J.: 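Structure provided below as structure tokens; questions to follow.
Every number for a ligand or one of its atoms is a count from 1 in the order of the listing. Treat the numbers as computed from the prediction; the structure is a model and nothing was measured.
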Amino acid sequence: MSVGIDEISFYTSNYYLDLRTLAEVQKTDTEKYYQGIGQEKMGMAAPDEDVVTMAANAAQPLIERVGTDAVTTLMFATETGIDQSKAAGIYVHRLLGLHDNCRVVELKQACYSATAALQMACALVARQPEKKVLVVASDIARYDLDSPGEATQGCGAVAMLIAADPRLIEIDPEVGNYAEDVMDFWRPNYRATALVDGKYSTKIYLRSLKKAWENFCEASSLAFGDFSHFCYHLPFGKMAQKAHQHLAKVNRSGLDAEQVEAQIADSLHYNRAIGNSYSASMYIGLTSLLENCKHNLAGSRIGFFSYGSGCVAEFFSGKVVDGYQHFLHRERHHNMLEARTEVDYTRYLELYRYPDPRDGSECKIEAETTGRFRLAAIRNHKREYIAV
Ligand code: HMG
């Protein structure tokens with residue numbers, strides 16, 4: 001019996017800022033962003049959106065198909081937590097109308113936590129193959145204004161149904177892990193934006209890739225040449241390009257630059273238009289690969305490198321299932337990205353600074369999102385979510 005990803009769906013906000021606009025305001029060359037970091041647009045959450053509404057929007061199409069009673073565990077990965085105690089997944093559980101007997105939990109380790117959720121979900125399903133686990137990862141990436149990280153902001157959520165005999169990707173049990181206590185990127189509880197040592201973080205990312213890959217090679221019989229494509233954690237597209245060149249070099253792959261690039265190019269399209277969505281980003285990258293690759297990927301092995309600052313990294317692998325093309329949400333995803341509204345710099349600042357009351361004061365939030373779920377108000381320290 002195989003276990004893995006049966007269906008995958010993502011969501012991002014209906015607003016975006018083109019990095020050309022940011023470059024103009026900062027008097028920077030737009031190509032620094034378009035080429036230098038490999039990003040074009042960044043998603044900006046509407047005032048009535050947060051990680052809960054984005055996650056519910058991502059998961060809704062999967063639940064519509066399998067029904068509300070099919071999911072026995074909901075795992076919510078995020079580093080944009082809205083509560084220190086209550087799991088964000090509980091709100092999603094209600095919004096989606098999931099069964100009372102469903103287990104719900106939130107996981108955190110920067111951008112890595114969705115991979116922990118995926119692996120735990122696979123283990124649960126391997127033990128009880130009739131069960132289905134819903135893994136959601138949802139984040140809003142925020143850095144200080146005028147900081148080097150600003151151009152790498154973004155927002156998005158991904159939902160994956162983990163099941164036996166999956167229709168998209170069979171996840172192999174062998175993994176390679178690496179963990180190290182480093183301060184490359186972090187967000188203390190009292191801050192809304194991340195602190196980051198940007199250049200150092202890119203070095204740690206590459207070091208973790210090599211270490212996780214070496215550990216993977218001890219566990220798995222697969223070699224670099226067995227993979228047709230790779231999906232990397234995507235803080236920005238250029239990071240994945242550098243990482244993959246690094247891995248190809250470490251393995252003396254013999255591939256030329258074009259061949260190396262071809263192994264990741266299709267995984268970058270969606271992220272280029274959304275920005276960093278932290279825990280969701282690698283899985284939105286996988287969706288991009290499956291939905292945009294012109295070749296039939298059935299039977300191909302994909303290598304995954306998941307990285308979460310702080311840091312925890314994991315290299316793992318999966319095989320694309322025959323007929324996967326029939327179970328994608330390609331058209332809906334393309335339409336969602338096409339239908340978004342570009343914001344100007346003034347509106348970007350309004351969205352960036354939208355009040356997020358921390359004193360429990362009453363706050364009614366006007367309807368703005370085009371998503372199915374919205375945050376309607378905060379009253380008595382309680383967040384009020386509704387379906388539109
Ligand atoms: P910076 O220092 O402003 O950028 O920000 P730069 O000066 O290094 O330029 C970037 C690239 O653009 C360079 O290319 C320039 O040469 C090029 P490179 O040398 O790197 O190949 N460039 C141009 N190209 C074309 N035309 C031009 C031009 N000008 C310059 N005119 C930095 C870069 C990464 C520091 C910043 O974006 C940042 O701090 N980002 C946030 C941190 C980050 O994303 N780190 C990634 C690794 S850590 C991670 O992935 C985890 C994370 O997702 C969080 C989590 O786990 O939760 C962040």
J.: Would you say Tyr143 touches ligand 1, if touching means a heavy atom closer than 4.0 Å?
T.: yes
J.: Could an N or O of ligand 1 be found under 3.5 Å from any N or O of Thr202, whether backbone or side chain?
T.: no
J.: To which of Ser147, Pro235, Gly149, Ser113 does the heavy atom nearest atom 38 (C) of ligand 1 belong?
T.: Gly149
J.: Identify the protein heavy atom lying closest to atom 37 (O) of ligand 1, giving its residue, its atom name and the separation to 0.1 Å.
T.: Pro148 O, 3.2 Å
J.: Write out the residue and atom name of the closest protein heavy atom to atom 6 (P) of ligand 1, then the distance separating them to 0.1 Å.
T.: Lys199 NZ, 3.4 Å
J.: Under 4.0 Å from a heavy atom of Gly308: which atoms of ligand 1 are those, numbered in the order shown and with their elements?
T.: 56 (O)
J.: Identify the protein heavy atom lying closest to atom 39 (O) of ligand 1, giving its residue, its atom name and the separation to 0.1 Å.
T.: Gly198 CA, 3.5 Å
J.: Residue-level breakdown please: for Ile204 versus ligand 1, do any non-hydrogen atoms fall below 4.0 Å on the side chain, on the backbone, on both, or on neither?
T.: neither
J.: Using a 4.0 Å heavy-atom cut-off, which part of Phe236 comes near ligand 1: side chain, backbone, both, or neither?
T.: side chain
J.: Going by an N to O cut-off under 4.0 Å, is there a salt bridge joining Glu362 and Arg379?
T.: yes
J.: Return the closest protein heavy atom for atom 47 (C) of ligand 1 as residue, atom name and distance.
T.: Ser201 OG, 3.4 Å
J.: Counting distance only, does the side-chain N/O of Arg340 pair as donor-acceptor with the main-chain N or O of Gly43 below 3.5 Å?
T.: no
J.: Of Cys311, Ala240, Ser309, which has the heavy atom at the shortest distance from atom 56 (O) of ligand 1?
T.: Ser309
J.: Between Phe316, Tyr205, Phe230, Trp213, which is the residue that forms a ring pair (Phe, Tyr, Trp, His ring centres under 6.0 Å) with Phe305?
T.: Tyr205
J.: Which ILVMFWY residues are connected to Trp186, directly or by a chain of links, through side-chain heavy atoms under 4.5 Å apart?
T.: Met183, Leu195
J.: For His229, which of Ile264, Leu286, Leu297 qualifies under side-chain contact (heavy atoms from CB on, under 4.5 Å)?
T.: Leu297
J.: Starting from atom 25 (C) of ligand 1, which protein heavy atom do you reach first, and at what distance in Å?
T.: Glu31 O, 3.4 Å
J.: Specify whether Tyr278 and Tyr143 have parallel, tilted or perpendicular ring planes, treating 30° as the upper limit for parallel and 60° as the lower limit for perpendicular.
T.: perpendicular
J.: Using distance alone, determine whether Tyr278 and ligand 1 share an N or O pair under 3.5 Å.
T.: no
J.: Using ring pair (Phe, Tyr, Trp, His ring centres under 6.0 Å), reason through Phe224 and His244 one step at a time and then give a plain yes or no.
T.: CA-CA 11 Å; Phe224 184 86; His244 194 48; 5.8 Å; yes
J.: Nearest 0.5 Å please: distance from the SG atom of Cys293 over to the CD atom of Glu291.
T.: 12.0 Å
J.: Going by distance only, is there an N or O of Cys111 that falls short of 3.5 Å from an N or O of ligand 1?
T.: yes
J.: Not counting sequence neighbours, which residues clear side-chain contact (heavy atoms from CB on, under 4.5 Å) with Val343? List them please.
T.: Tyr15, Leu17, Arg347, Tyr348, Leu351
J.: Can you list the atoms of ligand 1 that are under 4.0 Å from a heavy atom of Val196?
T.: 42 (C)
J.: Just by distance, no angles: are the side chains of Asp172 and Ser317 close enough, under 3.5 Å, to form a donor-acceptor pair?
T.: yes
J.: Can Lys238 be said to touch ligand 1, with heavy atoms closer than 4.0 Å?
T.: yes
J.: Provide the number and element of each atom of ligand 1 under 4.0 Å from a heavy atom of Ala110.
T.: 55 (C), 56 (O), 57 (O)
J.: Does a side-chain heavy-atom distance below 4.5 Å link Tyr91 with Asp50?
T.: no
J.: Identify the protein heavy atom lying closest to atom 19 (O) of ligand 1, giving its residue, its atom name and the separation to 0.1 Å.
T.: Lys242 NZ, 3.9 Å
J.: Just need the protein heavy atom nearest to atom 7 (O) of ligand 1, so name the residue and atom and give the distance.
T.: Lys32 NZ, 3.7 Å
J.: Return yes when at least one protein heavy atom is under 4.0 Å from atom 15 (C) of ligand 1, and no when none is.
T.: no
J.: Just jot down the ligand 1 atoms closer than 4.0 angstrom to any heavy atom of Asp29, in number order.
T.: 31 (N)
J.: Judging by distance only, is a nitrogen or oxygen of Tyr205 under 3.5 angstrom from one on ligand 1?
T.: no
J.: Could you tell me, atom by atom, which parts of ligand 1 come under 4.0 Å of a heavy atom of Thr152?
T.: 37 (O), 40 (N), 41 (C)
J.: Working to the nearest 0.5 Å, report the span between CZ of Arg301 and OG of Ser220.
T.: 7.5 Å
J.: What distance separates Ser281 OG from Met239 CE, expressed to the nearest 0.5 Å?
T.: 12.0 Å
J.: Which heavy atom of the protein is the closest neighbour of atom 24 (N) of ligand 1, given with residue, atom name and distance?
T.: Gly36 CA, 3.5 Å
J.: Quick one: does atom 43 (C) of ligand 1 have a protein heavy atom under 4.0 Å from it?
T.: yes
J.: Using a 4.5 Å cut-off on heavy atoms from C-beta on, say whether the side chain of Gln39 contacts that of Asn271.
T.: yes
J.: Taking the side chain as everything from C-beta on, heavy atoms only, tell me whether His246 gets closer than 4.5 Å to Val250.
T.: yes
J.: Numbering the atoms of ligand 1 from 1, which are under 4.0 Å from a heavy atom of Glu79?
T.: 55 (C), 57 (O)
